[in-house]
Amino acid sequence: MKRLKKVSFDGLDLSCQMGRVHLDNPVLTAAGTSGHGAELADYFDISLLGAVVTKSVAIFSTPGNPAPRLAPLSVGMLNSVGLQGDGIKDWLDTDLPALKRAGAKIICSIWGRTVEDFAEAMKILSTAKKDILAAEVNVSCPNVEDAGKLFAYSPSKTGEIAGAVKDFDVPFFIKLSPAASDLVKVAGAALENGAQGLVLVNTMPAMAIDIYERKPKLGAVSGGLSGRALHPVALKAVYDCRKAFPDASIIGVGGIGHGKDAIAMMMAGANAVEVGTATFANPKAPINVLREIGQFCFEEGLQKLSDIVGVAFSD
Ligand SMILES: Cc1cc2nc3c(=O)[nH]c(=O)nc-3n(C[C@H](O)[C@H](O)[C@H](O)COP(=O)(O)O)c2cc1C
């Protein structure tokens with residue numbers, strides 16, 4: 001297979017600084033959409049990406065939800081994978097070495113069912129802090145101590161999690177839900193309690209019905225909507241949070257399938273972007289997005305990509 005060895009645009013600065021985290025370029029994978037480790041390395045050189053964000057891992061293993069877990073839609077995709085995985089210790093032993101061998105810059109996504117689960121996961125992850133750029137803290141998961149409501153719906157719970165993971169000397173971004181009734185307030189609680197930045201957004205609660213089978217398409221009945229339909233929702237989340245927090249580091253995610261989607265997300269205020277569902281249709285989507293961003297800068301005569309961050313706010 002002919003592989004892309006290098007993404008190079010002479011004189012163009014694609015780099016991105018988010019607090020302590022430096023990225024050579026702003027294109028990342030989205031958690032859970034490219035396996036647990038180096039799976040995408042079969043398709044392109046993953047060391048060329050700004051970073052690879054892993055599937056969320058917890059201190060425990062989980063079998064995930066009943067099948068079917070994926071339902072393609074004309075406007076994107078539904079999934080109810082349910083954070084299936086073998087846990088963080090297994091990830092450190094098997095997936096982390098594979099990512100390192102592939103030369104990837106790594107952001108490890110963690111999750112939990114209680115605040116203590118998050119703190120313990122970050123403590124374990126911190127034993128590998130020299131091997132990772134940062135952690136992504138996925139609070140868009142059910143809080144078993146609060147009737148299964150997502151942590152990400154609550155400013156106080158999100159703030160508590162940020163406070164509980166901040167003392168392990170690992171920079172972290174908090175990943176929020178587009179379904180929070182006051183997203184800006186939740187984001188504020190994350191930033192006030194030590195988050196390096198925000199990841200906006202996770203999937204939107206949704207469902208689909210198979211009208212011939214007369215039942216929900218997903219085994220878990222409902223799941224999360226991702227892909228094209230989520231793009232305008234993610235854009236607004238990024239725009240609203242950029243407006244409220246002009247200096248925050250923000251990673252935009254939702255329905256990015258092409259360079260122009262990524263550019264729109266950056267103009268709305270994202271410093272970096274993640275590519276998720278598009279990878280299911282084309283495993284090279286993240287590297288293609290990077291190449292297309294470079295092409296756009298070339299066409300528009302831009303020297304420094306970060307100059308476009310938040311330009312949608314200018315008159
Ligand atoms: C199959 C699948 C699995 C996912 N797993 C995770 C996960 O483990 N952790 C997480 O934070 N987000 C997870 N997500 C959400 C994505 O990271 C992303 O936020 C969402 O899909 C929106 O981006 P997209 O439209 O580019 O896919 C998953 C999404 C899909 C489609």
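Atoms within each ligand, like the ligands themselves, are counted from 1 in listed order. Given the structure is predicted, the values throughout are model-derived calculations rather than measurements.
The number of heavy atoms from other shown groups lying within 6.0 Å of NZ (Lys236) does not exceed 12.
In summary, the side chains of Ser177 and Ser140 do not present any donor paired with an acceptor at a separation below 3.5 Å, with no hydrogens or angles considered.
The nearest protein atom to atom 15 (C) of ligand 1, hydrogens excluded, is given as Asn202 OD1, 3.4 Å; this is a heavy-atom distance. Scanning all protein heavy atoms for the shortest distance to atom 21 (O) of ligand 1 gives Ser226 CB, 3.2 Å. Taking atom 22 (C) of ligand 1 as the reference point, the nearest protein heavy-atom neighbour is Leu230 CD2, 3.5 Å. Scanning the protein for heavy atoms near atom 23 (O) of ligand 1, the closest one is Val253 CG2, 3.3 Å. Of the protein's heavy atoms, Asn79 ND2, 3.2 Å lies nearest to atom 30 (C) of ligand 1. From the protein, the heavy atom lying nearest to atom 7 (C) of ligand 1 is Ser56 OG, 3.5 Å. Considering only non-hydrogen protein atoms, atom 3 (C) of ligand 1 sits nearest to Gly32 O, 3.3 Å. In this structure, the protein non-hydrogen atom closest to atom 13 (C) of ligand 1 is Ala31 O, 3.0 Å.
Ligand 1 has no nitrogen or oxygen under 3.5 angstrom from a nitrogen or oxygen of Glu274. Of the polar atoms of Lys175, at least one N or O is found under 3.5 Å from an N or O of ligand 1, judged by distance alone. For the pair Thr203 and ligand 1, the shortest N or O to N or O distance does not fall below 3.5 Å. For ligand 1, the polar-atom distance check finds no N/O of Ser109 at less than 3.5 Å from any of the ligand's N/O atoms.
Of the charged side-chain nitrogens involved, at least one lies within less than 4.0 Å of a carboxylate oxygen, so that Lys105 and Asp24 count as a salt-bridged pair. With respect to Asp169 and Arg20, a salt bridge is recorded, a charged nitrogen being found less than 4.0 Å from a carboxylate O. We find that Lys215 and Asp210 are not joined by a salt bridge, their nearest charged nitrogen and carboxylate oxygen being 4.0 Å or further apart.
Counting only residues at least two apart or on different chains, the salt bridge (Lys or Arg N to Asp or Glu O under 4.0 Å) pairs with a member in residues 216-231 are Arg228-Asp261. Residue pairs meeting the ring-ring contact (aromatic ring centres under 6.0 Å, His included) criterion with at least one partner in residues 49-99, sequence neighbours excluded, are Phe60-Trp111.
Looking at heavy atoms from C-beta onward, Leu125 lies out of side-chain contact with Phe168 at the 4.5 angstrom threshold. Leu305 is listed as a side-chain neighbour of Pro26, based on a closest heavy-atom distance under 4.5 Å. Contact of the Leu176 side chain with the Val139 side chain is registered, since non-hydrogen atoms from C-beta on lie closer than 4.5 Å.
The ligand atoms of ligand 1 that sit less than 4.0 angstrom from a heavy atom of Ala30 are 17 (O). Atoms of ligand 1 found under 4.0 Å from any heavy atom of Phe280 (numbered from 1 in listed order, with element): 1 (C). Those atoms of ligand 1 with a heavy atom of Val201 less than 4.0 angstrom away are 19 (O). Heavy-atom proximity to Gly276, at under 4.0 Å, picks out these atoms of ligand 1: 26 (O), 27 (O). Annotation for ligand 1: atoms under 4.0 Å from non-hydrogen atoms of Met77 are 31 (C). Which parts of ligand 1 touch Gly255 is read off a 4.0 Å heavy-atom cut-off, strictly below it: atoms 24 (P), 25 (O), 26 (O).
Among Asp261, Leu225, Asn138, the residue whose heavy atom lies closest to atom 10 (C) of ligand 1 is Asn138.
Between Ile110 and Ile88 the shortest heavy-atom distance is CG2-CD1, 4.1 Å.
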| Hey, mind stepping through Ser56 and Asn138 against side chain to side chain donor-acceptor pair (under 3.5 Å) and telling me if it holds? | CA-CA 7 Å; Ser56 299; Asn138 173 16; 3.3 Å; yes

